[in-house]
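For ligands, and for the atoms within them, numbers begin at 1 and follow the listed sequence. Worth knowing before you read on, the calculation uses all heavy atoms, side chains too, and leaves out hydrogens, waters and symmetry mates. In this chain, residues are counted from 1 in sequence order.
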Amino acid sequence: MLINVPKASAVKESEITDEKVYNQRRDILKSMGFIGASALLTSQPAQAGFFTSDDKKTFKTRALEYTPAVTSQQSQAFTPEEKIITHNNFYEFGTAKSDPVENAQQFKVNPWRLSVEGLAETPFTLNYDDLFSQFPLEERIYRMRCVEAWSMVVPWIGFSLAALIKKAKPLSSAKYVSFETLYDPKQMPGQKNRFAGGGIEYPYVEGLRLDEAMHPLTLLSVGLYGKTLPAQNGAPIRLVVPWKYGFKSIKSITRIRLTDKRPPTTWNILAASEYGFYANVNPEVSHPRWSQASERRISSAGLFSRNRIDTKMFNGYDEVASLYQGMDLRKNF
Ligand code: MTE
């Protein structure tokens, strides 16, 4: 996300490609087992202030059991795992794209407690193990479009948010669903320091209309690329709403609440004229400071590649169009 920068083109390539930061990330990835040692024969000097395999623990992921996606549609171009887990927005761990992978490696996700509450007949809570065992896990390959005009194709693993909501038996008065990220300033440096956290009022909060939440595309993700989520991608459980800009996909959720009022959402609180409640991907509605008509797809082409494609309405997920029939999507951006 961007605050107070002139336009999207001002997002420096160096934000994602700065060689020093990239090499530091490679140290972390190597210690996580993502990069073979042979690729690192020229070892990088240790950098003060960053975690390395020698002096700091790294976040552990493990293989998951799940039903693989049947679609061949996306065999085209998954974004490589290394890019999905090193180019992140997770302001609780810092505002630069490289901050989460560098600062989240000691994040503790077990024990975890996710409460499902509010206007429901049978509210309940899930512990860490429940997140992986209460609902059958399946793979969903989704195109993800960030409001900063880059996109990725991610093989998520998770279950439909609808399944979780049904289990709580919503009352007829429930019209919206609100979400809240863990609040733990001891673990999340961005929550301790307003500047480091991008001026956000924590905990990070998000919301959906109940019908959006119940749509079969809406996913609660617990993994990607066959394994549990890395901390920087929102472990142990995060939302994924593929027809909306990425900021709706709230990470590391501890509370899901059924409500009768439209819930406040973090980026809307911070800059209402720039980030709406709906946040549907819409090439015809520019962000006040840059166009949304096209996007840079982060793919296996080199880090410096200019892989620009046209952005589609609802990020190409036309099946959600009926949710917004009769609404002016210029006003309801
Ligand atoms: N959730 C929390 N709690 N904190 C954040 O800063 N950033 C959002 C979203 N969820 C964010 C968050 C934004 S702006 C984006 S684009 C996506 O997470 C990025 O997800 P990714 O890092 O897995 O690509």
Side-chain angles (χ1 to χ4, degrees), residues 1-3 8 11 15-16 25 59 61 78-104 107 109 114 140 142-158 178-185 187-191 194 196-208 219-225 227-242 244-256 265-271 274-276 279 281 287 292 295-298 315:
M1 303 292 285
L2 301 171
I3 313 170
V11 181
E15 251 188 16
I16 53 168
R25 281 186 242 151
F59 192 82
T61 58
F78 286 17
T79 299
E81 182 174 9
E82 190 188 324
K83 292 181 185 173
I84 295 171
I85 69 174
T86 56
H87 183 77
N88 300 102
N89 277 326
F90 199 168
Y91 275 38
E92 285 86 337
F93 293 104
T95 56
K97 300 286 173 283
S98 56
D99 283 343
V101 69
E102 285 155 13
N103 298 332
F107 186 45
V109 297
L114 168 62
R140 305 266 189 96
Y142 283 163
R143 299 178 292 276
M144 303 297 295
R145 171 63 156 78
C146 181
V147 74
E148 290 161 291
W150 46 267
S151 61
M152 297 186 179
V153 179
V154 182
W156 298 110
I157 295 165
S178 75
F179 304 84
E180 203 173 291
T181 292
L182 176 72
Y183 183 71
D184 187 355
Q187 291 207 75
M188 293 172 149
Q191 292 181 337
R194 213 170 149 72
I200 287 175
E201 228 175 86
Y202 291 102
Y204 195 103
V205 289
E206 255 309 331
L208 294 171
L219 188 73
L220 279 172
S221 168
V222 295
L224 59 82
Y225 265 107
K227 299 180 288 283
T228 50
L229 289 172
Q232 60 271 25
N233 291 90
I237 187 161
R238 56 130 359 130
L239 185 67
V240 178
V241 194
K244 293 179 181 281
Y245 292 117
F247 66 87
K248 296 296 281 186
S249 293
I250 181 172
K251 296 178 170 180
S252 304
I253 304 168
T254 54
R255 189 141 81 125
I256 297 180
T265 62
T266 284
W267 285 95
N268 187 251
I269 296 168
L270 205 61
E274 305 195 356
Y275 307 107
V281 175
H287 183 280
Q292 295 291 13
E295 65 205 55
R296 186 168 62 90
R297 175 64 54 81
I298 300 182
N315 201 20

Q) Is it true that the side chains of K97 and N89 contain a donor and an acceptor less than 3.5 Å apart? A)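 Their side chains do contain a donor-acceptor pair, which is all the 3.5 Å distance test asks for.
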
Q) Does the side chain to side chain contact (heavy atoms under 4.5 Å, CB included) test come out yes or no for F78 and V154, once each step is laid out? A) CA-CA 6 Å; F78 286 17; V154 182; over 6 Å; no

(Q) So, using salt bridge (charged side-chain N to carboxylate O under 4.0 Å, His left out) as the criterion, who are the partners of R255 when residues are at least two apart? (A)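 Testing R255 for salt bridge (charged side-chain N to carboxylate O under 4.0 Å, His left out), a comparison that skips the adjacent residues, returns E117, E180.
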
(Q) Can you list everything that forms a salt bridge (charged side-chain N to carboxylate O under 4.0 Å, His left out) with E295? Sequence neighbours excluded, please. (A)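 E295 satisfies salt bridge (charged side-chain N to carboxylate O under 4.0 Å, His left out) with R145, R297 once adjacent residues are dropped.
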
**Q.** ligand 1: protein residues within heavy-atom distance under 4.0 Å
**A.**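 Those residues closer than 4.0 Å to ligand 1 by some heavy atom are M1, N88, N89, F90, Y91, E92, C146, T181, Y204, N233, R238, G246, F247, S249, I250, K251.
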
**Q.** Salt-bridge present (E206, K244; N to O < 4.0 Å)
**A.**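 Salt bridge: no.
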
Q: List in chain and number order the residues that pass ring-ring contact (aromatic ring centres under 6.0 Å, His included) with F90, two or more places apart in sequence or in another chain; answer none if no residue qualifies.
A: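 F90: ring-ring contact (aromatic ring centres under 6.0 Å, His included) contacts with F93.
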
